[in-house]
Amino acid sequence: MASQPQPPLRHRLPLVPLLVLLCLSPACAAGRVPVSVYYETLCPFCSAFVVNDLSRIFRTGISSIADLRLVPFGNGRVSADGTITCQHGEDECQLNAIEACVIRLWPDAEQHFPFIQCVEHLALTRKWDAWQSCFQETGLAYQPAIDCYNSGYGRQLVLQYAAETNALQPPHQFVPWVVVNGKPLGDDYMNFEAYICSAYDGKLPEACKGKHLAIAQETKASRGDKVCPASKTIS
């Protein structure tokens, strides 16, 4: 059987430069550093970490070398019948599910993080009942997220996050629980930027200068009581 005619070479050559262009970014050359943050929406220390610390990587450019995953479940419990109980009550369960829906609908952290930050800022000021205002503030569409929540899909997402959180090895001891490049940072979670910079193999953003020294020069982060312990009684 005669072979099918091939397109002229001049028609095929432009594909090569296109593929090259797709791989010009540092993330393509070196691969972004995986960063997972396990948290719960109404833990004040999680809220403070999201608003005051994690948000910084989007301003400094470190986010360009990080593959950030937010996992809103934290220290909740799932009973044998699938009932979810949250450490800070029903409002936290609702907000965990809302944030899970937003993360699923807008999977790019550059898109969903401003919403998460907005809600957590409200939580810090004990105004979390105004969480719906964050849709207008960030420009994300309200209806798809509410449909996700009302349909029960948000709850299913939280159950998936619960399974992932409960499967952590070693088990998480508190939240926020930060894992960088597969390494749980534990008490040293406030140094997460230094770990990201140290794990990245490509050209580092300007904000990474000196960050690699932080791990060697600082001992365990002095977190004090700035966590929500996993052993704390659930309300």
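We're numbering straight along the sequence, starting at 1. What's counted below: heavy atoms across the whole structure, side chains too, no hydrogens, waters or symmetry copies. None of these values were measured; they are calculated from a predicted model.
Less than 6.0 angstrom separates the ring centroid of Y142 from the ring centroid of F135. Between Y195 and Y189, the distance separating the two ring centers is not shorter than 6.0 angstrom.
Here the shortest heavy-atom pairing between F192 and I57 reads CE1-CG2, 3.5 Å. When every heavy atom of G76 is checked against every heavy atom of E40, the shortest pair comes out as N-OE1, 4.2 Å. Residues G154 and C101 share a closest heavy-atom pair of CA-SG, 3.4 Å. Taking both residues in full, the closest heavy atoms of P184 and P170 are given as CG-CD, 3.8 Å, listed atom of the first, atom of the second, then distance. In terms of heavy-atom proximity, C228 sits nearest to Q87 at CB-OE1, 3.8 Å. The nearest pair of heavy atoms linking P44 to L124 is O-CD2, 3.6 Å.
V78 and L95 end up in the same hydrophobic cluster when Ile, Leu, Val, Met, Phe, Trp and Tyr side chains are linked at under 4.5 Å. Using a 4.5 Å cut-off between side-chain heavy atoms of Ile, Leu, Val, Met, Phe, Trp and Tyr, with links allowed through other members, V51 and M190 fall into different hydrophobic clusters. Hydrophobic cluster membership differs between I98 and V175, with clusters built from Ile, Leu, Val, Met, Phe, Trp and Tyr side chains linked at under 4.5 angstrom. L140 and Y153 fall into different hydrophobic clusters, where Ile, Leu, Val, Met, Phe, Trp and Tyr side chains are chained together by heavy-atom contacts under 4.5 Å. Under the 4.5 Å side-chain heavy-atom criterion for grouping Ile, Leu, Val, Met, Phe, Trp and Tyr, Y38 is connected to L70 within one hydrophobic cluster.
Remark: the backbone N or O of S64 is paired with a side-chain donor or acceptor of R32 at under 3.5 angstrom. Side chain of S63 to main chain of R59: no donor-acceptor pair is present (N/O by atom type, distance under 3.5 Å, no hydrogens or angles). E120 places no side-chain N or O within 3.5 Å of a backbone atom of V50 that could act as its donor or acceptor partner. Proximity of a side-chain donor or acceptor of N75 to a complementary backbone N or O of C86 within less than 3.5 Å is not detected. Remark: side-chain polar atoms of H112 are paired, donor with acceptor, to backbone N or O of W106 under 3.5 angstrom.
Here S79 contributes atom OG and I84 contributes atom CD1; the two are 9.0 Å apart, rounded to the nearest 0.5 Å. Distance check, rounded to the nearest 0.5 Å: OG of S55 to NE2 of H121 gives 10.5 Å. Interatomic distance, W177 CH2 to T165 OG1, rounded to the nearest 0.5 Å: 12.0 Å. For the atom pair OH of Y200 and CG of N181, the computed distance is 12.5 Å after rounding to the nearest 0.5 Å. Expressed to the nearest 0.5 Å, how far CH2 of W128 lies from OG of S47 amounts to 9.0 Å. We find the CD1-CG distance between I62 and L204 to be 9.0 Å, quoted to the nearest 0.5 Å.
Other residues, nucleotides and ligands contribute over 12 non-hydrogen atoms within 6.0 Å of the CD atom of Q132.
A donor and an acceptor atom, one from each side chain of H172 and N166, are nowhere located under 3.5 Å apart. Using a 3.5 Å distance cut-off with no hydrogens or angles, the side chains of Q143 and D147 do pair a donor with an acceptor. Counting only N and O atoms by type, the side chains of Y161 and N96 include no donor and acceptor under 3.5 Å apart.
Of the charged side-chain nitrogens involved, none lies within less than 4.0 Å of a carboxylate oxygen, so that E99 and R104 do not count as a salt-bridged pair.
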*Check step by step if side chain to side chain contact (heavy atoms under 4.5 Å, CB included) holds for N191 and L185.*
CA-CA 8 Å; N191 273 333; L185 304 189; 5.9 Å; no

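If you run side-chain contact (heavy atoms from CB on, under 4.5 Å) between F73 and each of L157, T41, V158, L159, only V158 comes through.
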